[in-house]
Every structure is written in C-alpha cells, then in structure tokens.
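Everything on this sheet refers to the single structure shown next.
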Amino acid sequence: MIDGGISLPTDSYLKMATLIQEANDPMTIMQRVVDESLKLSAGADGAAVELLDPDGCTLRHVCCAGSLWNSLGLRLDLETSLSGKAVMSNSTLWCEDAESDPRVDRKASRQTGTASIICVPLVASEKPLGVLQITSTTPRAFTQTDMHILGGLAEFVAIAIRNATEMRRITSYLLNKPEDDSPKEAEAKAPMFDFMANVIDPAISRNLMIRRRISRIIETGDVSFAFQPIIDLEEGTLVAAEVFARFDGNPKSSPDLWFQDAHRTGLGMELELFTAAAALRELRNIPEGSTLAVNIGPEAILSDRLTELLKSIDTSRLIIELTEHLRVEDYTRLVKRFLQIRQLGVRLAIDDTGSGFSSFSHIIKLAPDIMKLDRELIRDIHKDPVRKSLTTAVVNFADETGTEVIAEGIETEDELATLKGLGIKYGQGFLLGKPGPLSMLHGLSLS
C-alpha cells in the first residue's frame with residue numbers, strides 16, 4: 001500500500017522491480033563515467049572502462065565512448081599494455097605517443113587509432129577492479145593537469161562501480177523473481193519494494209504512481225471532451241471543430257500535464273491512442289458538413305493501432321493535427337505513414353506553425369494539407385509589421401502549395417480584421433468560440 005493507501009497490482013510491482021534494477025545497473029554507471037570523462041580534458045576524444053577478467057591476466061573494454069566506441073570487448077594483456085602496468089603499479093600512467101612508447105600494446109593502439117593515453121587504475125577496498133582509460137587520436141594531447149584531475153577521481157569511480165555492482169546483487173536477491181509471485185505475495189512485498197525504491201530513487205515510486213493513475217484513466221474510460229469551433233471567416237459558418245481531452249482523475253491538473261506525465265513515464269502513446277479512439281466516437285455527432293480535428297503525436301501516428309482505428313470511421317471528416325511539442329525522431333517513417341493515412345481520406349495539419357523552427361521543418365518534410373498558425377504569431381498582429389510580414393509569407397507559401405491556413409488564438413476584432421485582410425480564410429479562438437460541449441456546435445453561425 002503506497003500513495004495514500006492505493007494498492008498497486010502485480011504488474012506494477014514488476015515494473016517497479018525493473019526500475020529498481022535499472023537504477024543500480026553497473027553498466028549504466030560505467031557508461032556515464034566514460035561519457036563524462038570525455039568532458040574533463042580538451043584533448044580527449046575517446047574513453048573506456050576496462051575491467052579485470054576473472055583470470056586476473058587480462059583487461060576487457062566493457063564500456064566505451066567517443067573514438068573508442070567500437071573497441072567494446074577488446075582485451076589487453078596485463079604484462080604488455082599500459083593499462084596492465086597501471087593496474088600492477090596502482091599508479092596513473094601517461095603516454096604521449098603510442099607509436100614510440102614501449103609500454104604500450106602497439107597493435108591495440110593502432111587498432112583503435114589511439115596516439116595519446118592516460119590510464120587510471122581503479123581500486124576499491126584494496127582490490128583492483130580495472131582501469132579508466134582516456135585517449136586521443138593525436139599525439140601529446142594531454143597535460144599534467146589532465147593526469148592530475150583524472151587520477152584524483154580514481155577512487156570515486158572505483159567505488160561508484162563497486163557499489164553499483166553490490167547494490168545490483170543485493171537488490172536482485174531481495175526482489176527474487178517478482179514475476180513468479182502471486183498477487184498476495186506481491187502485496188506482501190509492497191513495503192520492501194517501497195522502501196528500496198524510495199532509498200535508491202524516490203522518483204521510481206512517483207513514476208509508478210503516475211503510471212497507475214494514467215492506467216486507471218485508460219481502464220475506466222474516464223475522459224471527457226471539449227470542442228472549439230473552427231470558422232470560415234468570410235461566411236461566419238462552422239467548418240470544423242478541434243477536440244480537447246479533459247481528465248477528471250486525481251490530481252486535478254491540466255490535460256497538457258497529464259500528457260507530459262504520460263510521455264515521461266512511458267505511457268504517452270497509450271494515452272494518446274486511448275483519447276483519440278474516444279474522440280473519434282464523437283465524429284458521428286458533429287454537425288453535418290464539418291470535420292473533426294484530433295491532436296496526435298508522432299509516436300502514435302506511427303502506430304499500426306491508429307491505422308486500424310482509422311479504417312472503422314468516416315475519414316473524410318477527420319483532420320489529424322501533428323502535435324508540435326513532441327520531437328520527430330524518424331521523418332522517413334513518418335512521411336510514409338502520412339501517405340498511408342492520406343490514402344484513407346484523412347487530412348493532415350501541422351499545429352503551432354510559426355512557434356519555432358521545428359514547425360517549419362515539419363511543413364517542408366511532411367507537406368501537410370493544413371497549417372495552423374500559432375497564437376504567438378496572431379497576438380496583436382494588427383499593430384506588429386513583423387507578424388504581418390511573416391503571416392503574409394505563410395499565406396503566399398500556402399497558395400503556391402495548395403495548403404489551407406487556419407489562424408489560431410484569435411481574441412480581438414482587430415486581429416480578426418487584419419487576418420481577413422491578409423487572406424486568411426479560416427480561424428479559431430476565443431473571439432469565435434471557446435472550447436465547450438459538442439451541443440454548442442449545432443446551429444453555430446457568426447454571420
């Protein structure tokens with residue numbers, strides 16, 4: 001029982017066990033060590049943690065970064081390598097030129113393209129663990145100061161690796177295959193899970209609670225919607241409505257925060273697909289002749305589940321808005337998916353155009369049917385020549401490419417008049433209608 005008496009199900013304890021294990025992963029610690037080591041010296045371009053093999057005669061690269069990224073698994077003999085000599089002498093050793101230094105394993109240095117080397121022995125409780133090796137592909141890249149700083153961190157690095165290894169061992173023992181536990185056994189272990197999570201990283205418990213709240217929303221269908229009209233500015237008639245999710249679950253917070261929490265804890269796509277499916281059920285209830293605009297992020301757009309969902313509705317009345325606030329990781333896949341969705345009859349919009357470079361990048365790469373101008377571009381446009389010029393450029397671009405433009409965030413009559421004068425045909429904003437119940441859309445006319 002945690003978070004005010006809420007009981008987590010067995011699968012949530014499994015997730016917590018995974019997070020506890022990940023928080024104690026020695027490989028994660030060692031990867032951070034090599035990544036951060038590259039920042040300590042201006043001359044460094046490669047780093048590796050080398051651990052002693054059980055035979056006690058060789059060192060093996062277990063984590064690498066920079067120019068050493070492809071040396072994972074490389075083995076060095078204690079007797080014939082600078083790393084081995086650093087271990088045996090328990091002293092930080094420095095090589096200015098691997099080609100002329102007889103202490104260096106020249107075959108290995110040539111294989112990795114290494115010219116300069118600093119080897120820092122890692123010893124914990126008087127037991128040698130291995131070496132932190134910092135390298136450069138150019139000779140004489142390091143200074144005495146570099147050697148002093150890296151040598152001073154040796155004990156810290158060794159203890160961090162050893163402690164992570166020990167914590168991983170003991171937590172693995174205590175968790176004892178939670179996937180084999182019955183629900184009653186998992187519940188009995190709850191205090192132990194909570195104690196371990198909150199000592200290691202309190203965020204683990206917080207994130208699990210957030211996941212549970214979001215999962216409960218999805219399981220119970222506890223979502224409602226508000227609809228904001230999109231108006232033909234010349235005719236004053238309704239042409240579309242954007243749908244916004246509203247969550248009634250605790251804690252009370254804005255929909256944006258619910259989605260942020262969902263993405264932060266790995267349930268972003270699940271929440272987006274759930275709300276999209278629920279919103280699309282309202283499509284049949286919107287006024288005849290109008291369309292519904294639904295916000296969906298790139299990850300959810302790439303999901304086959306969305307494609308299957310679209311096959312069950314009248315897609316000619318649907319606009320999908322690509323949310324601006326999530327980074328696009330793979331434009332090639334997204335372009336292909338956009339083509340598939342278009343073939344189903346869906347129109348695609350880029351939200352928040354003008355809010356930053358990324359929105360224009362979306363437009364260039366994805367060629368949407370609709371561009372929605374961001375509120376920041378619309379605010380006080382009637383008295384800002386820069387905003388007018390940029391909007392005019394967008395309108396001209398849209399005319400040349402056959403793209404429709406919708407101005408968002410219209411709040412004053414002056415803004416409305418200016419936008420109409422610039423050739424904007426469609427608009428959305430508090431002046432034209434605030435988000436409200438679906439019934440508000442029926443019979444709506446501003447003419």
Side-chain angles (χ1 to χ4, degrees), residues 214-231 238-249 254-256 258-259 262-263 267-326 328 333-334 336-352 362 366 368-372 404 406 408 426 428 433-442 444:
I214 293 168
S215 295
R216 187 181 294 119
I217 290 287
I218 295 172
E219 291 165 4
T220 62
D222 192 11
V223 63
S224 58
F225 296 100
F227 300 81
Q228 186 171 30
I230 298 172
I231 302 296
L238 178 75
V239 292
E242 182 173 357
V243 59
F244 300 97
R246 297 288 186 262
F247 302 109
D248 299 324
S254 70
D256 284 350
W258 277 93
F259 282 109
H263 281 285
L267 287 177
M269 184 178 72
E270 295 297 328
L271 187 62
E272 284 192 9
L273 290 173
F274 158 70
T275 54
L280 291 177
R281 287 194 287 271
E282 301 291 344
L283 185 60
R284 61 181 179 272
N285 297 320
I286 66 170
E288 193 70 29
S290 59
T291 57
L292 186 67
V294 180
N295 287 277
I296 304 179
E299 185 184 12
I301 288 175
L302 289 171
S303 170
D304 291 336
R305 289 159 56 190
L306 177 65
T307 307
E308 290 302 311
L309 181 64
L310 296 178
K311 292 178 180 178
S312 64
I313 65 168
D314 180 3
T315 50
S316 66
R317 303 184 66 196
L318 177 64
I319 298 170
I320 288 180
E321 294 188 18
L322 177 65
T323 52
E324 161 70 6
H325 306 294
L326 295 174
V328 174
R333 287 183 60 211
L334 197 60
K336 290 181 180 178
R337 182 50 55 92
F338 266 37
L339 290 174
Q340 294 172 356
I341 291 175
R342 278 197 177 95
Q343 290 173 356
L344 296 175
V346 179
R347 286 187 292 164
L348 299 159
I350 299 298
D351 201 10
D352 301 329
H362 290 344
L366 301 174
D369 304 289
I370 300 166
M371 293 185 288
K372 298 191 73 177
E404 294 180 350
I406 300 173
E408 295 185 285
Y426 304 107
Q428 178 180 354
K434 296 181 180 180
L438 190 146
S439 59
M440 175 193 70
L441 300 177
H442 291 274
L444 180 65

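The side chain to side chain donor-acceptor pair (under 3.5 Å) test applied to Asp256 returns no partner, not counting sequence neighbours. Partners of Arg284 by side-chain contact (heavy atoms from CB on, under 4.5 Å), not counting sequence neighbours, listed by chain and number: Arg281. Listed by chain and number, the residues in a side chain to side chain donor-acceptor pair (under 3.5 Å) with Gln428 are Gln228, Glu242, Lys372 (sequence neighbours excluded). Under the side chain to side chain donor-acceptor pair (under 3.5 Å) criterion, Ser316 pairs with Asp314, sequence neighbours left out. With sequence neighbours excluded, no residue forms a salt bridge (Lys or Arg N to Asp or Glu O under 4.0 Å) with Arg333. Shown here are the side chain to side chain donor-acceptor pair (under 3.5 Å) partners of Gln343, two or more places apart in sequence or in another chain: there are none. Every residue was checked against the salt bridge (Lys or Arg N to Asp or Glu O under 4.0 Å) condition with Arg317, not counting sequence neighbours, and none meets it. By the salt bridge (Lys or Arg N to Asp or Glu O under 4.0 Å) test, Glu288 is found to be paired with no residue, residues two or more places apart in sequence or in another chain being considered. Shown here are the side-chain contact (heavy atoms from CB on, under 4.5 Å) partners of Pro229, two or more places apart in sequence or in another chain: Ile231, Leu238, Met440, Leu441, Leu444. Partners of Arg342 under the side-chain contact (heavy atoms from CB on, under 4.5 Å) rule, at least two apart in sequence or in another chain, are Phe338, Leu348, Asp369. Under the rule for a salt bridge (Lys or Arg N to Asp or Glu O under 4.0 Å), the partners of Arg305 that lie at least two apart in sequence or sit in another chain are Glu270. Scored by the side-chain contact (heavy atoms from CB on, under 4.5 Å) test, Gln340 finds Arg337 as partners (sequence neighbours excluded).
Residues Leu334 and Leu302 form a side-chain contact, since some pair of their non-hydrogen atoms from C-beta on lies under 4.5 Å apart. Between Asn295 and Phe259, the closest side-chain pair of non-hydrogen atoms is not below 4.5 Å. A 4.5 Å side-chain heavy-atom check between Ile230 and Ile319 finds every atom pair outside the cut-off. Taking the side chain as every heavy atom from C-beta outward, Glu272 and Ser303 never approach each other to under 4.5 Å. When side chains are defined from C-beta on, Ile370 counts as touching Arg347, because their heavy atoms get closer than 4.5 Å.
Distance alone, capped at 3.5 Å, is enough to place a donor-acceptor pair between the Thr315 side chain and the Leu344 backbone.
Here the closest non-hydrogen pair linking Pro368 and Ile350 is CG-CG1, 3.4 Å. Pairing each heavy atom of Gly221 with each of Phe274, the nearest pair is CA-CZ, 3.6 Å. Taking every heavy atom of both residues into account, Ala300 and Met269 meet most closely at CA-CG, 3.8 Å. Shortest non-hydrogen contact noted between Asp222 and Phe247 is O-CD2, 4.1 Å. Closest non-hydrogen pair, Phe227 versus Pro437, comes out as CD1-C, 4.2 Å. Of all heavy-atom pairs spanning Thr275 and Ala245, the tightest one is CG2-CB, 4.2 Å.
Going from atom CD1 of Ile301 over to atom CG of Leu322 covers 4.5 Å, rounded to the nearest 0.5 Å. For the atom pair CG of Leu309 and CG of Leu280, the computed distance is 5.0 Å after rounding to the nearest 0.5 Å. Separating the CG atom in Leu292 from the CZ atom in Phe225 is a distance of 9.0 Å, to the nearest 0.5 Å. We find the CG-CD1 distance between Leu273 and Ile296 to be 7.5 Å, quoted to the nearest 0.5 Å.
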Leu438 and Ile286: CA distance, side-chain angles, deciding distance, side chain to side chain contact (heavy atoms under 4.5 Å, CB included) verdict: CA-CA 7 Å; Leu438 190 146; Ile286 66 170; 4.2 Å; yes

Stepwise side chain to side chain contact (heavy atoms under 4.5 Å, CB included) check, Ile218 with Leu267: CA-CA 10 Å; Ile218 295 172; Leu267 287 177; 5.6 Å; no

